[in-house]
J.: 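Let me give you the structure first, and then I'll get to my questions.
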Protein chains: 2
Amino acid sequence: MEEKRTYPQGIKWTRQRKDVYDVLESASEPLSAVQIYNHIEKHPAEGNYAISTIYRILTTFEEQGMITKTTWLGDDSCVYELKRNSHTHYAVCLSCHKRIPLHDCPFEHMHDQSHEEEELQAGGFTVTGHKLELYGYCSTCNFHKA
Amino acid sequence: MEEKRTYPQGIKWTRQRKDVYDVLESASEPLSAVQIYNHIEKHPAEGNYAISTIYRILTTFEEQGMITKTTWLGDDSCVYELKRNSHTHYAVCLSCHKRIPLHDCPFEHMHDQSHEEEELQAGGFTVTGHKLELYGYCSTCNFHKA
DNA sequence: ATGCAAATGCAACTCATTTGCATCTAGTTT
DNA sequence: AAACTAGATGCAAATGAGTTGCATTTGCAT
């Protein structure tokens, strides 16, 4: 049942940290601290969890550069996801907040023709990533408006 | 002193709403409800303001499609800005949260070659806008890291 | 000028996130 | 393997952005 796993180095790997890491690793989209908390509560391996611990762990992971913290457009709470080699952008419905994943990152086709990044680099800014969201109205909400 | 101004139609234009609108119009970047509140408090034209009124007004403006509500990457509170004919994207420093405005929108050069938008439209989704942020580390924070 | 639906001020409330502090534990040292 | 300790956790109370109920006020249409 218990698998032997290896975790990134550099920090103390407590049971709680492993659990949070595992949840993030198996997640297919960014999760909020509360979602992670609930996810772990469903598999009460042992002992209690404090929601504050989840927040502290997420802060630590972020400082380690292991995860990314963002928010959904139109939503208030923060969501976290493991840094992976690929990323996904979404189209967000301004009315019902449904999110539709985009097939690929439009940004990748244009790195060469954008002078923006060059200019930033020239100014000493190191670009490590980007965040892109399209927004508008989904088919359902379009329909109900008419 | 008092200028005669015209405001968009469709809603009741109270003193408070005019004040919020004026602040947003003269702002060069998105502002939070609290920033707007403080801005107005500095010019105590008459009477008191309730922060809740600011929030309600901003919600109304958003429903009217007059303003856009977003958040800064890495920050928690919401910021609002008047919808104008042009928009600005930023590069955000993950360390000190400094924001560097980009000269133009990289997205505009690529509308034609992206299939994403077409696919969304085909699925009934109406794209009305987008949000883009680059992130990384500014020259100062790069320096202090080394 | 009058009347009323809509807007505001105020205070209490929600909910995500943070913090102080006593206790516990991973990982190292002996 | 037991001891040690810096750092991690649980708990409960605090914070801060944003919301809501309700009595009062005010645009603006008549």
Side-chain angles (χ1 to χ4, degrees), chain A residues 2 4-23 30-41 44-64 66-80 97, chain B residues 2 4-23 30-41 44-64 66-80 97:
Chain A
E2 269 278 320
K4 273 194 182 170
R5 297 216 28 196
T6 50
Y7 294 93
Q9 294 183 319
I11 59 170
K12 203 188 268 190
W13 282 97
T14 61
R15 164 173 59 88
Q16 295 86 334
R17 287 181 174 185
K18 287 177 186 171
D19 286 347
V20 170
Y21 191 90
D22 291 348
V23 170
L31 301 176
S32 70
V34 174
Q35 286 176 310
I36 296 168
Y37 179 73
N38 292 335
H39 208 292
I40 293 176
E41 287 278 286
E46 23 179 342
N48 287 337
Y49 278 80
I51 186 71
S52 58
T53 301
I54 308 283
Y55 281 108
R56 281 192 272 229
I57 288 173
L58 290 168
T59 303
T60 303
F61 284 4
E62 198 193 4
E63 285 166 0
Q64 292 292 313
M66 292 164 47
I67 64 173
T68 300
K69 176 185 184 179
T70 43
T71 50
W72 294 119
L73 205 156
D75 199 2
D76 43 346
S77 60
C78 296
V79 291
Y80 305 82
H97 293 179
Chain B
E2 268 280 319
K4 273 193 183 171
R5 297 215 28 196
T6 50
Y7 293 93
Q9 294 183 319
I11 60 171
K12 204 187 267 191
W13 282 96
T14 60
R15 164 174 60 86
Q16 294 85 336
R17 288 181 173 186
K18 287 177 184 170
D19 286 346
V20 170
Y21 190 91
D22 291 349
V23 170
L31 300 176
S32 69
V34 174
Q35 286 177 309
I36 295 169
Y37 179 75
N38 292 335
H39 209 291
I40 293 176
E41 287 277 284
E46 23 180 341
N48 287 336
Y49 278 81
I51 186 70
S52 58
T53 301
I54 308 283
Y55 281 109
R56 282 194 272 231
I57 289 173
L58 290 169
T59 303
T60 302
F61 284 4
E62 198 193 4
E63 285 167 359
Q64 291 291 313
M66 292 164 48
I67 64 173
T68 299
K69 176 184 184 180
T70 42
T71 50
W72 295 119
L73 204 156
D75 199 2
D76 42 345
S77 62
C78 296
V79 290
Y80 305 81
H97 292 179

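Quick note on labels: first sequence line is chain A, next is B, and so on, each numbered from 1. As the structure is a prediction and not an experimental result, all values here were calculated from the model. We use all heavy atoms of the structure for the numbers below, so side chains are in, but hydrogens, waters and symmetry mates are not.
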J.: Do you know which two heavy atoms are closest between A/Lys69 and A/Cys78, and how far apart they sit?
T.: CE-SG, 3.5 Å
J.: Consider the side chain of B/Ala33, meaning its heavy atoms from C-beta on, and name the nucleotide among D/dG18, D/dA8, D/dC28 that approaches it most closely.
T.: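 Nearest nucleotide to the side chain: D/dG18.
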J.: Just name whichever nucleotide pairs with D/dT26, Watson-Crick or G-U, keeping both distances under 3.5 Å, else none.
T.: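 Across any shown strand, D/dT26 pairs with C/dA5.
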J.: Taking only side-chain nitrogens and oxygens of B/Tyr55, does any of them come within less than 4.0 Å of OP1 or OP2 of D/dG18?
T.: yes
J.: Could you give the CG-to-P distance, from B/Leu31 to D/dA17, as a whole number of Å?
T.: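 That distance rounds to 15 Å.
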J.: Please classify the nucleic acid contact of B/Ser52 as base, sugar-phosphate, or nothing, using heavy-atom distances under 4.0 Å.
T.: base
J.: Is a donor-acceptor pair below 3.5 Å formed from side chain A/Arg56 to base D/dG10, judging by atom type as modelled?
T.: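 Answer yes: a donor N or O sits under 3.5 Å from an acceptor.
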J.: What is the separation between atom CD1 on A/Ile54 and atom C1' on D/dA8, rounded to the nearest whole Å?
T.: 13 Å
J.: Do B/Thr71 and A/Thr71 get their side chains close enough for a donor-acceptor pair, meaning under 3.5 Å?
T.: yes
J.: Atom CD1 of A/Ile11 and atom C1' of D/dA6: how far apart are they, to the nearest Å?
T.: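 Spelled out: CD1 on A/Ile11 to C1' on D/dA6 is 15 Å.
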J.: Given that both distances must come in under 3.5 Å, which nucleotide forms a Watson-Crick or G-U wobble pair with D/dA6?
T.: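 C/dT25 is the nucleotide pairing with D/dA6.
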J.: Using a heavy-atom cut-off of 4.0 Å across all strands, would you classify A/Ile51 as base, sugar-phosphate, or nothing?
T.: nothing
J.: What are the two closest heavy atoms between A/Ile67 and A/Leu58, and how far apart are they?
T.: CD1-O, 3.4 Å
J.: Reading DNA chain C from 5' to 3', where do the contacts with chain B start and stop? Cut-off is 4.0 Å to heavy atoms.
T.: C/dA5 to C/dA11
J.: Specify the separation, in whole Å, of atom CG of A/Asp75 and atom C1' of D/dT19.
T.: 15 Å
J.: Please compare A/Val34 and B/Arg17 by the position of their nearest nucleotide in DNA chain C and report the one closer to 5'.
T.: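 By nearest-heavy-atom nucleotide position, the 5'-most residue is B/Arg17.
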J.: In whole angstroms, how far is the P atom of D/dT19 from the CG atom of A/Asp76?
T.: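 It works out to 8 Å between those atoms.
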J.: Whole angstroms only, please: what is the CD1-P distance between B/Ile57 and D/dT19?
T.: 14 Å
J.: Do the non-hydrogen side-chain atoms of B/Tyr21 and B/Val23 ever get within less than 4.5 Å of each other?
T.: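 Side-chain contact under 4.5 Å: no.
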J.: Can a cation-pi geometry be assigned to B/Arg15 and B/Tyr49, taking NZ or CZ under 6.0 Å from the six-membered ring centre and within 45° of the ring axis?
T.: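 Yes; both conditions hold, so B/Arg15 lies above the ring face of B/Tyr49.
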J.: Can you find a heavy atom in the side chain of B/Met66 that is under 4.5 Å from one in the side chain of B/Pro8?
T.: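 SC-SC contact between B/Met66 and B/Pro8 confirmed.
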J.: Can you confirm if the aromatic rings of B/Phe61 and B/Tyr80 lie within a centre distance of less than 6.0 Å?
T.: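 Centroid separation for B/Tyr80 and B/Phe61: 6.0 Å or greater.
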J.: Please report, rounded to the nearest Å, how far the P atom of D/dT9 is from the CG atom of A/Asp19.
T.: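 Rounded to whole Å, this separation is 11 Å.
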